[in-house]
Amino acid sequence: MYEYLIAVFAYIFIYIILVVSLNLAFGFTGLVNLGHMAFFGVGAYASALLTLHGIPWYIALPASGLIAGSFGAVIAAITVRLKGDYFQIVALGLAFIAIAVSRNWISLTRGALGLPGIPDIIKNNFYYMLFLFAVALLSVVFLYWLTNSETGKIFQAIRDDETAAAVLGKNTYLYKVLSITISTFFAGIAGSLFAHYISFIDPTIFDLEFFVIILAMLIVGGLASISGSILGVTVISLLLSAISFVFTNISPELIGAMRQMLLMLILLLILIYRPRGMFGKVDV
Amino acid sequence: MMLLLRNVSKMQRIFEHARKSNRKNKNAILSISDISKSFGGVKAVNKCSFEVKENTITSLIGPNGAGKTTVFNIISGLAKPDAGAIRLEKKNIAGMPSYRIAQSGISRTFQLTKVFRNLSVRDNMLIAKKTNDEEIKKVLKGVYFEKSLDTIASELSYGQQRLLEIARALLMPHKLLMLDEPTAGVNPRIRQELRAILKNLRKEGKTILLIEHDMEFVMDISDRVIVLNEGRVLREGRPKDIVKDKRVLEAYLGK
Amino acid sequence: MPLLDILPQLIVNGLIAGSIYALAASGFSLIYYVVKFQYFSHGAIMSIGAYLFFTFMNLMGLNYILAGILTVIGCVIATLLSNWLLYLPLRKRKATPAIILIASIVLLIFSSSLMLAFFGSSTKAISLAKHNKTFDFGIFTITLVQTAIIVSALILFLFLWIILKKTKLGKSMRALADNKDVAQVVGINPEKIYNYTFIIAAVLGAFGGILLGLEQNLYPRMGVPIIIKGFISSVVGGLGSVPGSIIGGLFIGLAENVGVLYLPTGYKDVISFSVLLLFLLFRPQGILGVKMRNV
């Protein structure tokens, strides 16, 4: 039970970084990055490969953030200039491309077999959870500061009306690229922390099934609200863990299906009836 | 020698002053020459040329579809002209991205008001210029905006949003202010306020390019009126000359 | 020339896969064209179609015509329910297309867990063995079922083309796609036309699901990879162009199978995703799509 609780909180701290960073792009800047998990996956794979090749974690961790962030910057630089759904389409396409690469670039990723034996950052789970807490806290503080800064206000202005921001002298293109770069940097950091925690990653990290859980946390918490994201992650993580505890006599397969159905149902109901989620500042 | 130089500079100053007070001999802040723009084969703007002089109000009038808003969009960089030059003072701004044109000193509003709906009034204003509450309040007061700075823009009435948008455009450092139908779609009370605002701005000597449908008001407030029809300048002149012009009447009433 | 010897067979295989991709893509694209959102739950309808056909044929022992009709009815009901319970309320509250897209992905994942709960995770196969036989044309072979896949897909595309181009309904759909406000002014009721559009997409999805189930095994999340292929085909063909999406589907099917000449079979996915990447970067409007304008 004690170990289980530690695990629940370890995941909560990792997901907080992931969801808050997605909120920066989606909630605060209006960039619906449906490929966010691709950057999480890139960070996880980058960190796993680096440490498996003997590079210490304290280099691999920031490096995986930088690698994911550079990918994000390049993709954003190419796509956010174009109007309409294009960014969404590319972002989603990118997630699918990431699946194909991770499955098929066998010599690098071992394909569907995945990468086992990723070294721990801290052996003791409790202390690693505290470490995750510290990183999550730093990330949240930074993103909170950013979203309330002048730059953050400009992100939000672009979300509300890009043309109006442009005629007030803001280079909206650069700001959008900046937002995606920062957002994907933190996704990469979260991916690295995740990989070192579960010590094994495979291409399922890019699955839509995983992404919708992250989306549920974001939307239940509410767009453009950092405290909402933190609460969204916590509530959904605890809810999902609770279900496993209540129904102990059902097969794990069925529990998995039921958990997913319940979560998707909650998400759909929120999308229809309470688009601002718990603490959202903007409608979705 | 020194005395002579001082006298020359004094004379220059006097001359400068005389020029400012004389409405006819002003510098052109904005000069547009031969700009054209077509959308899918339709010429929305066709070799359009005109000037906006310093400290004057110039109004663009013309029937619907005459290309007035397209001209605004070209000047502010939201549409790229197919041909032609636009000079803001000495600088050619044609084809520059909209944010650079704004930074060069052109501020504008839109026919359908654009406010940052999820931001507070204060944050809306801060996007235009980094400043303190006092200056923000001063500008807002100048446009008879009376809601608190912490109000979220989407909670304002449409008329109040229009006032906020104008205040925001005024706050941004600019040489030229362009207002696209400021009195459209607002209630009569706000309309009266907008007229008063424009009159005040005129007194302050602002340089304004205005699109407006209310002819009586246009003729009352403008120094110059430019009539657009089918993307061309049909007629240009002082208000009293325009009212008498037959071709202008025809363009409005149809031939 | 052993490589060229297998080329005809690869083309036939490509057409079979391409027909199914094109069914996924055409439903996706039709909704994108008329209702204006990215319709990922079309994959859910296809998996429901496959599982319903399996239930009627193999579990209930009905003949394939009756099973097929019941499957189509089932898919139409499921699709209309998704519109009335989910997409209509979202449209009513003016949710952005991005949110409706998210809702459709959520529905897709919901349906795959629903299939898992009902049918378990083990794979199922629709057995049509007694109806099947293989034709050998020397340079290639094709089974009766595979021939049926290509032929029925072609018939469906012909129907779709007739509906879109030759009927009053198609005219209303095109008017709505072009400009909803103008369409309403001339007396078109959008919601009514949307219902018909969803019904047509449901028929495409039902057949797509049945044909997919005949070509491969059934498993709960089968709707996910097929609609990803449908999405890729639509982007490659040109988002918002229904004929484009069909061309895109056939193109992707052919590229994956003919590409095997140059790459190991495991790289099938890599081919379609590389094609997607190339199109996204260099021709985002797709083969037939409208060019997206710069800001």
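Chain A is the first sequence line, chain B the second, and so forth, proteins listed ahead of strands; every chain is numbered from 1. Source: prediction; values computed, not measured.
Your options are B:Arg108, B:His174, B:Arg168, and the one with the most heavy-atom pairs under 4.5 Å with chain A is B:Arg168.
In this structure, A:Ala166 and B:Ser98 approach most closely via the heavy-atom pair CB-OG, 3.4 Å. Minimum interatomic distance between A:Ala164 and B:Lys114 (heavy atoms only, all atoms of both residues): CB-CB, 3.9 Å.
Within the 4.5 Å cutoff, the side chain of B:Phe116 has heavy atoms near those of the A:Leu168 side chain. For the pair A:Glu150 and B:Leu126, the minimum side-chain heavy-atom distance is 4.5 Å or more.
Within 6.0 Å of the CZ atom in B:Arg122, the count of heavy atoms belonging to other residues, nucleotides or ligands exceeds 12. Few gaps surround CZ on B:Phe217; more than 12 heavy atoms of other groups in view lie less than 6.0 Å from it. Around the CZ atom of A:Phe142, the shell of radius 6.0 Å holds more than 12 heavy atoms that belong to other residues, nucleotides or ligands. More than 12 non-hydrogen atoms from other residues, nucleotides or ligands lie less than 6.0 angstrom from CZ of A:Phe210. The environment of CZ in A:Phe28 is crowded: more than 12 heavy-atom neighbours from other residues, nucleotides or ligands sit within 6.0 Å.
Rounded to the nearest 0.5 angstrom, A:Lys281 NZ and B:Leu119 CG are separated by 11.5 Å. Remark: A:Asp161 CG to B:Asn118 CG distance equals 11.0 Å, nearest 0.5 Å.
Within residues 138-152 of chain B, no residue has any heavy atom under 4.5 Å from a heavy atom of chain A.
Residue A:Ala165 touches chain B through both its backbone and its side chain, counting heavy-atom pairs closer than 4.5 Å. Contact of B:Lys130 with chain A is made through the side chain alone, with heavy-atom distances under 4.5 Å. Heavy atoms of B:Ile127 lying under 4.5 Å from chain A belong to its backbone as well as its side chain. Both the backbone and the side chain of A:Lys153 come within contact range of chain B, with heavy atoms under 4.5 Å apart. Contacts of B:Ile106 with chain A are made by backbone atoms alone, with heavy-atom separations under 4.5 Å and no side-chain atom involved.
Judged by distance alone, the side chain of A:Lys170 and the main-chain N or O of B:Tyr99 form no donor-acceptor pair under 3.5 Å.
Ion pairing of B:Arg117 with A:Asp160 is absent here, as no side-chain N (NZ or NE/NH1/NH2) approaches a carboxylate O to less than 4.0 Å.
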